[in-house]
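In what follows, a structure is listed as structure tokens, so that the remarks can point back to it.
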Amino acid sequence: MTFRLYDTATREVRDFVPLEAGKAGLYVCGLTVQSEPHVGHVRSGVNFDVLQRWLRHLGYEVTFIRNITDIDDKILIKSSEQGRPWYNLAYAMHRELDRAYDALNVAPPTYEPAATGHVPEMIELITELIIRGHAYPAEDGSGDVYFDVRSWPSYGELTHQGVDDMEPAADADPRGKRDPRDFALWKGQKLGSEPDTAAWPSPWGRGRPGWHIECSAMAGKYLGAAFDIHGGGVDLRFPHHENEQAQSRAAGRPFATYWMHNAWITTAGEKMSKSLGNSLTIPAVLDQYRGIELRYYLVAAHYRSHVEFSFEALDEAAVGFRRMEAFLERAAELLGEIPGGGTLCAEFVEAMDNDLGTPGAVAAIHDVVREGNKLIAGGDSAALRGNAASVRAMLDVLGLDPQDSAWASTGSAGEDDKLKSAVDALVAGLLEERAQAREAKDWARADAIRDQIKQAGIEVTDTPTGPTWTVN
RNA sequence: GGUGGGUUGGCCGAGAGGCGAGGCAACGGACUGCAAAUCCGUGUACACGGGUUCAAAUCCCGUACCCACCUCCA
């Protein structure tokens, strides 16, 4: 069975056929680093990380480019409000985003280019468009350069819209546009209101990039004129991706073969960007939940499904994930270590091949976990070994292997271990006493000891191999 | 006005013509001194109204409600 994915441009699930056998080029629109990342922002990071992992699992050599937009109107406005340089705000938020990705085990892309580092490539592309008659410098002397929508007959092809059906942008700045739908490739510096540091020299005077041009320029630089998959959030289909495709193709570059778009996460029925307080930023959520639990929550829904975020649903997801995790822990106690490289079960593979069907993949893991739990009763066995290895391997494809070093708590790990062995020594004596009471069938005494330990916040659980304890 | 997406059991969330994905919760049973965990079992779910079909949550027509995008929001 081949890998199939839903292509937004053709609106159908298609077989993935790479331009070059064995290789996959992937470009994903990353974030505009203007504020702290929230749950909605990282969904795209997690979704495309799963895509990357699946492609690698299938044996593709993946080149994954995810950009950072580090200059735009919002960054300039916000930084000015906060009284700090725009580049400081962008850099700080970029680091914040990296931390969020790390906390969710989102693997770094092959490269993460930033818009401000690619002005020459953009100028080159804009120049090409002007030469070919698809772009023009504004006639009002503003220094802007616009893409000429009317000059490109297939404009609107990605989102299946006719130019004449588009609502003319009422609020668009009409400075020197031939058509209100023309969009800016280059924005001339507004002297006085914008800092000098936010302007770069160009053939059309000092200025800064339009939004869309950066992605066309950077995708072209790192992936070539034609590449396999372009991804991003649904909101980017229009205008961003439509414009990227138009300006790239108008410059003679075939651009992406497949377009993938992830759906939204909303809260209280609204886009997070509108309704966001501070409670849903990644650092705030990670105060209450582990990164692996949040990632499981995100992966358990299909990437094209709208998710209504709630802490109740996140709670449930966390419980469901712990079922898998607890199985691996019990198996590890019996087996010593669970080997890597286990086989993926057929249902899992089928689900993943079908447009990254992570919900089905997760269900498949739960089924294998159930089998594994039955095998545990039989102690160490080849069957259990294979089963646990399989669970681990499947979780790993989803970036959810609890034993992945990426999840190791940073910094205080050694401290935790010391504390754990200290508590263990203290509890051991009490458990020994309880064991004797149980031996004598003195249940009242045994339960009293268990209650005493519980008072200290430690839960004792009896297992076939003896009692264990966990904090809280 | 244009272009898309959605409405599934108490909850989350898949599926896309025929056998009840999976998880959480609940209830019963097994196991356990009791718990916990685990396993087994228990559900007349597909917004509404028509239609097509031997068969519809799934296809078609209509209705209602919700959401997204329409030029710098993942």
Side-chain angles (χ1 to χ4, degrees), chain A residues 8 11 28-32 34 37-45 47-48 69 71-75 147 149 156 159-162 164-169 171-173 177 180-184 187 209-214 231-240 242-243 261-266 269-274 296-297 300-302 304-308 310 312-321 323-324 326-327 330 347 351 354 357-367 369-370 372-374 376-377 438 441-443 446-447 450 459-464 468 470:
Chain A
T8 314
R11 295 177 185 163
V28 172
C29 288
L31 298 189
T32 299
Q34 43 132 346
H38 58 64
V39 175
H41 289 136
V42 297
R43 180 182 196 185
S44 139
N47 286 157
F48 288 105
T69 299
I71 180 72
D72 89 317
D73 289 357
K74 284 193 176 175
I75 292 173
F147 183 86
V149 164
T159 49
H160 306 93
Q161 300 180 84
D164 295 318
D165 293 332
M166 291 173 194
E167 195 171 83
D171 58 341
D173 186 348
K177 285 187 182 180
R181 297 165 195 84
D182 290 352
F183 58 90
K187 307 174 85 155
W211 179 31
H212 320 294
I213 198 71
E214 59 175 276
V234 275
D235 58 316
L236 297 179
R237 280 176 313 188
F238 192 90
H240 188 54
E242 186 73 68
N243 291 354
H261 293 98
N262 64 277
W264 288 101
I265 295 187
T266 57
E270 278 190 63
K271 277 173 70 168
M272 280 201 175
S273 53
K274 286 181 191 160
Y296 177 85
Y297 174 65
H302 188 86
R304 284 194 286 124
S305 291
H306 164 105
V307 168
E308 170 70 18
S310 74
E312 291 74 20
L314 181 49
D315 276 335
E316 279 187 11
V319 172
F321 179 71
R323 191 176 115 82
M324 296 176 169
F327 162 68
R330 281 192 296 274
E347 291 78 9
N354 184 17
T358 52
V362 167
I365 300 175
H366 274 290
D367 286 340
V369 165
R370 184 175 305 105
N373 274 324
K374 286 190 225 176
I376 278 184
R438 295 181 72 203
K441 297 204 190 300
D442 182 355
W443 308 128
D447 289 350
R450 185 166 63 189
E459 191 88 38
V460 171
T461 305
D462 293 317
T463 72
T468 62
T470 51

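In what follows, chains carry the letters A, B, and so on, assigned in the order in which the sequence lines appear, proteins first and then strands, with residues in each chain numbered from 1.
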If you measure from the [atom1] atom in [N] to the same atom in [M], how many Å do you get, rounded?
{"N": "B/rG13", "M": "B/rU52", "atom1": "P", "value": "35 Å"}
{"N": "B/rA64", "M": "B/rG49", "atom1": "C1'", "value": "11 Å"}
{"N": "B/rG1", "M": "B/rU8", "atom1": "C1'", "value": "32 Å"}
{"N": "B/rG15", "M": "B/rU63", "atom1": "P", "value": "28 Å"}
{"N": "B/rA16", "M": "B/rG22", "atom1": "P", "value": "15 Å"}
{"N": "B/rA25", "M": "B/rU38", "atom1": "P", "value": "9 Å"}
{"N": "B/rG51", "M": "B/rA45", "atom1": "C1'", "value": "23 Å"}
{"N": "B/rA21", "M": "B/rC27", "atom1": "P", "value": "24 Å"}

Apply side chain to side chain donor-acceptor pair (under 3.5 Å) to [X] and list each qualifying residue two or more places apart in sequence or on a separate chain.
{"X": "A/Asp462", "value": "A/Arg434, A/Arg438"}
{"X": "A/Glu312", "value": "none"}
{"X": "A/His366", "value": "A/Tyr296, A/Arg323"}
{"X": "A/Arg330", "value": "A/Asn373"}

Note to self: On RNA chain B, compare the nucleotides closest to A/Pro359 and A/Asp235; which residue's is nearer the 5' end?
What the structure shows: A/Pro359
Next item on the list: Identify, between A/Ala364 and A/Lys374, the residue whose nearest nucleotide on RNA chain B lies closer to the 5' end.
Entry: A/Ala364
Rounded distance in Å - [atom1] ([X]) to [atom2] ([N]):
{"X": "A/Gln161", "N": "B/rG2", "atom1": "CD", "atom2": "P", "result": "12 Å"}
{"X": "A/Phe327", "N": "B/rG22", "atom1": "CZ", "atom2": "P", "result": "18 Å"}
{"X": "A/Asn47", "N": "B/rA74", "atom1": "CG", "atom2": "C1'", "result": "10 Å"}
{"X": "A/Leu236", "N": "B/rU71", "atom1": "CG", "atom2": "P", "result": "14 Å"}
{"X": "A/Ile365", "N": "B/rG13", "atom1": "CD1", "atom2": "C1'", "result": "15 Å"}
{"X": "A/His366", "N": "B/rU38", "atom1": "NE2", "atom2": "P", "result": "11 Å"}
{"X": "A/Glu308", "N": "B/rU8", "atom1": "CD", "atom2": "P", "result": "12 Å"}
{"X": "A/His261", "N": "B/rA68", "atom1": "NE2", "atom2": "C1'", "result": "13 Å"}

Ring pair (Phe, Tyr, Trp, His ring centres under 6.0 Å) partners for [X], two or more places apart:
{"X": "A/His302", "value": "none"}
{"X": "A/Phe327", "value": "none"}
{"X": "A/Phe48", "value": "none"}

Item checked: Set of residues satisfying side chain to side chain contact (heavy atoms under 4.5 Å, CB included) with respect to A/Ala361, sequence neighbours excluded -> A/Phe348, A/Ala351, A/Met352
Notebook entry, point to check: Residues in side chain to side chain contact (heavy atoms under 4.5 Å, CB included) with A/Ala313, at least two apart?
Noted result: A/Tyr297, A/Ser310
What does [X] touch in the nucleic acid at a heavy-atom separation under 4.0 angstrom: a base, only the sugar-phosphate, or nothing?
{"X": "A/Thr8", "result": "nothing"}
{"X": "A/Thr32", "result": "sugar-phosphate"}
{"X": "A/Gly30", "result": "sugar-phosphate"}
{"X": "A/Asn243", "result": "base"}
{"X": "A/Gly232", "result": "sugar-phosphate"}

Quick check for you: among [options], whose closest atom lies nearest to any side-chain atom of [X]?
{"X": "A/Ala301", "options": "B/rG13, B/rG22, B/rU71", "answer": "B/rG13"}
{"X": "A/Lys74", "options": "B/rG22, B/rG13, B/rC73", "answer": "B/rC73"}
{"X": "A/Arg237", "options": "B/rU71, B/rA74, B/rG4", "answer": "B/rG4"}
{"X": "A/His302", "options": "B/rU38, B/rA74, B/rA14", "answer": "B/rA14"}
{"X": "A/Arg370", "options": "B/rG13, B/rA21, B/rG23", "answer": "B/rG23"}
{"X": "A/Arg11", "options": "B/rU3, B/rA14, B/rU38", "answer": "B/rU3"}

Protein N or O to nucleotides 31-33 of chain B N or O, pairs below 3.5 Å:
unit_1 : atom_1 : unit_2   : atom_2 : d
B/rG33 : N7     : A/Arg438 : NH2    : 3.3
B/rG33 : O6     : A/Arg434 : NH2    : 3.3
B/rG33 : O6     : A/Arg438 : NE     : 3.4
B/rG33 : N1     : A/Asp447 : OD1    : 3.0
B/rG33 : N2     : A/Asp447 : OD1    : 3.4
B/rG33 : N2     : A/Asp447 : OD2    : 2.7

Pull out every protein N or O sitting under 3.5 Å from an N or O of nucleotides 25-29 of chain B, one pair per line with the distance.
none

Under 4.0 Å from OP1 or OP2 of [N]: is there any side-chain N or O of [X] that close?
{"X": "A/Asn373", "N": "B/rC39", "answer": "yes"}
{"X": "A/Thr159", "N": "B/rG4", "answer": "no"}
{"X": "A/Arg323", "N": "B/rC39", "answer": "yes"}

Next item on the list: Indicate yes or no: at least one non-hydrogen side-chain atom of A/Glu347 is less than 4.5 angstrom from one of A/Asp367.
Entry: no
Next item on the list: Taking the side chain as every heavy atom from C-beta outward, state whether A/His38 and A/Ile265 have any atom pair closer than 4.5 Å.
Entry: no
Check: Looking at OG1 of A/Thr8 and CZ of A/Arg237, how far apart are the two atoms once the value is rounded to the nearest 0.5 Å?
Finding: 7.0 Å
Note to self: To the nearest 0.5 Å, what is the distance between OG1 on A/Thr32 and CG on A/Asp72?
What the structure shows: 5.0 Å
Check: Considering all heavy atoms of both residues, which atom of A/Leu236 and which atom of A/Cys29 are nearest to each other, and what is their separation?
Finding: CD1-CB, 3.7 Å
Note to self: Let's test your reading of the pairing rules: Watson-Crick or G-U wobble, both distances under 3.5 Å, then write RNA chain B as a dot-bracket string with ( ), [ ], | and dots.
What the structure shows: (((((((..(((.....[...))).(((((.......)))))....(((((..]....))))))))))))....
Check: Judged by modelled atom types alone, do A/Thr159 and A/Gln161 share a side-chain donor-acceptor pair under 3.5 Å?
Finding: yes
